[in-house]
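I have placed the structure first, in the form of structure tokens, so that the comments after it can refer back to it.
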Amino acid sequence: MKNNKVFKFTGLILSMALLFSACGSQIETSVSPQASVSVSQSESESLSDVTSVSEDDQKEQDEALLIEAKKIYQSADHSVQERIDALLSVMTLEEKAYQCVQGEQANVTVDDVKRTGIGSVLSGGGSAPSTGNNPENWQERVNELKAAALETRLEIPLLYGIDAVHGNNNIYGATVFPHNIGLGAANDPELMEEIAKVVAREVRAVGVQYSFAPCLANPQNERWGRTYEGFSEKASDVAKLAGPFVAALQGYVTDDEYMQGDAIIACAKHFIGEGYTEDGINQGDVKMTPAEFDKLLSMGILDPYRACIDSNVLTLMPSYNSIDGLKCHENRHLLTEVLKEQLGFKGMVISDYNAIQQCKGTYNDQVANCFNAGVDMFMEAQNWDVCAKTIVNLVKEGKITEERLNDAVSRILRVKFMSNMFDEEINSAHENELLSEFGSAENREVARRAVRESLVLLKNDKIKGKTTLERMKDATNIIVCGSGAFDLGRQCGGWTIFWEGKAGNITQGTPVIQGIYDEVKDHAKVSHNVNGKVDVSGDLIVTVIGENPYSETGGDRLPSGLKPISADVKLLDAIEESIAENGNDPLKVLIVLAGRPIDITDYVDRYDAVVMAFLPGTEGEGIADVLFGDYDFTGTLPMTWIKDQEKVNDKFSLPESEILFPYGFGLNKAGKKLTRE
Ligand code: GLC
């Protein structure tokens, strides 16, 4: 007899005993849980009838328990802990395991959700609904999956996650903000709160409740393809900006206060050390012993996480990188001892996209080791069903304890309760109001302000007593050069519509040149050159150069790769030749669209003014507001800019003579040096 048969049989005898004892007739039972009991054929038949009756009883009992539990966990009148305990008490092992997985929406059907009660679904970078990329289709797709979750036995709401890392950037027509590196230049905590509120509204507008943001990296080496996702090379800057951002994004949720208003769940990522890998290799190794890394932790790179935990960040994502060869996802010291015990993180740790599969051993080992290290939810995009089943088996084999499983599920449920998911109305009237404001002029004004504040004036030569920026306002014949001047894709960079972004007019917004034209059209002519022989007969040349979009490992570069795209390099030379031939002497301003410091050393001397615009997003007119309008520059560099990129691996040990522009550098229109607080 299999174990469970014995237990069922034993249970039957015991429940009969209870039944009889309730009826006054005594039946002696001395059956221990370990004993196996043999019965004759006739007895077993009569017992099997009774057994099936007891299964019906069991089913009835379960249903009764569920009804009672729902009265608690579905009511906000009870504390979060009471709701968690009540729900946990009626969950089966399978239901718990499926709460711990997140699948990619392209790999999850409505029926999958109904069948499994999967805890979460994500749209990875660029993963739009099959019906097409517009806000309405997104809303329909998200809400059909959320509705399916409410048809399961427990009716646990589905958590939908997306990378809204600079606006709800996957979605056509969204307001797209400057990437974090530009916001690091703006260095304005109040602005971060305003941005967060717009992002949250445009994410909620399509039914999504969760964004995998902010990234808390403090990049040390611009060879790293994710440099632009970091706010600053200094962790203290990151803490200062990310804390307010998370607080506002999450509607100032606290331990006692549920999330308020049009807020969404944040995700502090990627924990930890991603900006310190050797050669800036994405997902690479930090060449430090655990003791050396602990020292680094104590020197401040934990501060951004402390700031987000102080803002009650509800989720956190480990990093792909390893430290001394051990992947963060399976590093119990970091995920449990440091994060959960030392820092007191109460939220949910969600693994990065299929990241556990980079860990050591078989898939069983990867799931077990990462679960026991402290991962609570598994972003197993395609493998989510197998992952849940693996968790069930590992619990049955004792390789994951019930206690650890319940801890993980409790953390997940806490996030769902604290964010009002159990009280959420799907496709509500309010959600559709937000949808009608998706990408609105009002939302874009916040992004336009962010663009203005993110610009850094690196050079502003004074000629005949006036600076270049002061003289530009008098220009009447402006020639804008460079394909980047009318390319929203390059303006936005990676994580825009497509995972890696894409050059071209990929969404709605204002290209740089359009902003310039709108600002000066009543007093100046504006023309545009892309490449080849250029008309330089104007009194002002504005040249826009930079990188093409990229993300993650796709953005990793050799030192020699840290430069403008080749078409821009050719254009810069063509402009010089044309000016020499033409013999005129126009004012020349260089605008750089890039996610990091790149090699512009040779061009700085040729230009009267140089502006670092980073990756400004859709509201390119913010650049014209400052260049030709009444706004002044306030931005300062969040990263050290060196002269010779070949030395980038050792940038922090270089002498001052090797620094092109130091961390914190920035000028205003009058040519005055700004101070970075
Ligand atoms: C990616 C990134 C992470 C993102 C996740 C989901 O690989 O590392 O930042 O949140 O997958 O798209």
Side-chain angles (χ1 to χ4, degrees), residues 101-108 119-128 138 142 159-171 179-181 199 203 208-219 224-231 238 242 245-246 249 264-275 277 280-284 304-305 308 313-322 327-329 347-359 370 375-384 387 493-501 549-556 595:
V101 296
Q102 180 185 67
E104 161 59 52
Q105 69 87 21
N107 303 94
V108 179
S120 182
V121 170
L122 85 143
S123 278
S127 170
W138 273 88
V142 171
L159 177 64
Y160 201 107
I162 197 169
D163 290 280
V165 293
H166 62 142
N168 199 356
N169 38 258
N170 270 336
I171 303 182
H179 268 297
N180 285 353
I181 188 84
V199 172
V203 170
V208 173
Q209 319 103 327
Y210 180 26
S211 172
F212 308 119
C215 175
L216 303 183
N218 59 309
W224 184 36
R226 305 192 76 164
T227 294
Y228 66 78
E229 295 188 57
F231 289 106
V238 180
F245 179 79
V246 164
L249 194 76
I264 58 173
I265 299 158
C267 181
K269 73 182 189 181
H270 308 82
F271 191 77
I272 189 170
E274 56 190 334
T277 59
I281 293 170
N282 188 47
Q283 306 183 1
Y305 288 92
C308 290
V313 69
L314 290 171
T315 80
L316 177 140
M317 189 183 289
S319 184
Y320 281 109
N321 67 268
S322 51
K327 286 286 184 182
C328 289
H329 277 75
M348 163 187 109
V349 174
I350 180 169
S351 64
D352 202 336
Y353 197 100
N354 299 342
I356 70 165
Q357 297 171 35
Q358 293 185 12
C359 296
C370 294
V375 174
D376 302 307
M377 180 174 275
F378 289 73
M379 187 190 292
E380 282 293 284
Q382 296 73 31
N383 233 25
W384 59 272
C387 185
W495 294 101
T496 313
I497 309 299
F498 309 96
W499 171 49
E500 298 183 298
Y550 53 81
S551 68
E552 301 194 53
T553 307
D556 282 2

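Index from 1, following the sequence. Order of listing sets the numbers, starting from 1, for every ligand and every atom in it.
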Q) Is the closest N or O pair between Y320 and ligand 1 shorter than 3.5 Å? A) yes

Q) Is there a heavy atom in E229 that sits closer than 4.0 Å to ligand 1? A) no

Q: Work out which heavy atom in P549 is nearest to a heavy atom in G493; give both atom names and the distance.
A: CB-C, 3.8 Å

Q: Take the angle between the ring planes of F271 and Y305 and call it parallel below 30°, perpendicular above 60°, tilted in between.
A: perpendicular

Q: May I ask you to list the atoms of ligand 1 that are less than 4.0 angstrom from any heavy atom of F212?
A: 10 (O)

(Q) Do E274 and W224 pair up side chain to side chain, a donor and an acceptor below 3.5 Å, judged on atom types alone? (A) no

Q | Close N or O approach (Y353, ligand 1; < 3.5 Å) | A | no

Q. Atom 6 (C) of ligand 1: which protein heavy atom is closest, and how many Å away?
A. D163 OD2, 3.2 Å

**Q.** Element-labelled atoms of ligand 1 that are located less than 4.0 Å from some non-hydrogen atom of K269
**A.** 3 (C), 4 (C), 9 (O), 10 (O)

Q.
Checking the side chain of W499 only, and the main-chain atoms of E552 only, is there a donor and an acceptor separated by less than 3.5 Å?
A. no

Q | Short N or O distance, D352 and ligand 1, threshold 3.5 Å exclusive | A | yes

Q: Would you kindly specify which portion of Q283 sits under 4.0 Å from ligand 1, judged on non-hydrogen atoms: side chain, backbone, both or neither?
A: neither

Q. Does any non-hydrogen side-chain atom of Y210 lie less than 4.5 Å from one of Q102?
A. yes

Q. With only distance considered, is R226 within less than 3.5 Å of ligand 1 through an N or O on each side?
A. yes

Q. Under the 3.5 angstrom rule, does the side chain of T496 hit a backbone N or O of G494 as a donor-acceptor pair?
A. yes

Q: Identify, by atom number and element, the atoms of ligand 1 in contact range of H270, meaning under 4.0 Å from any of its heavy atoms.
A: 3 (C), 8 (O), 9 (O)

Q. Can you name the closest pair of heavy atoms from A355 and E380 and give their distance?
A. N-OE2, 4.3 Å

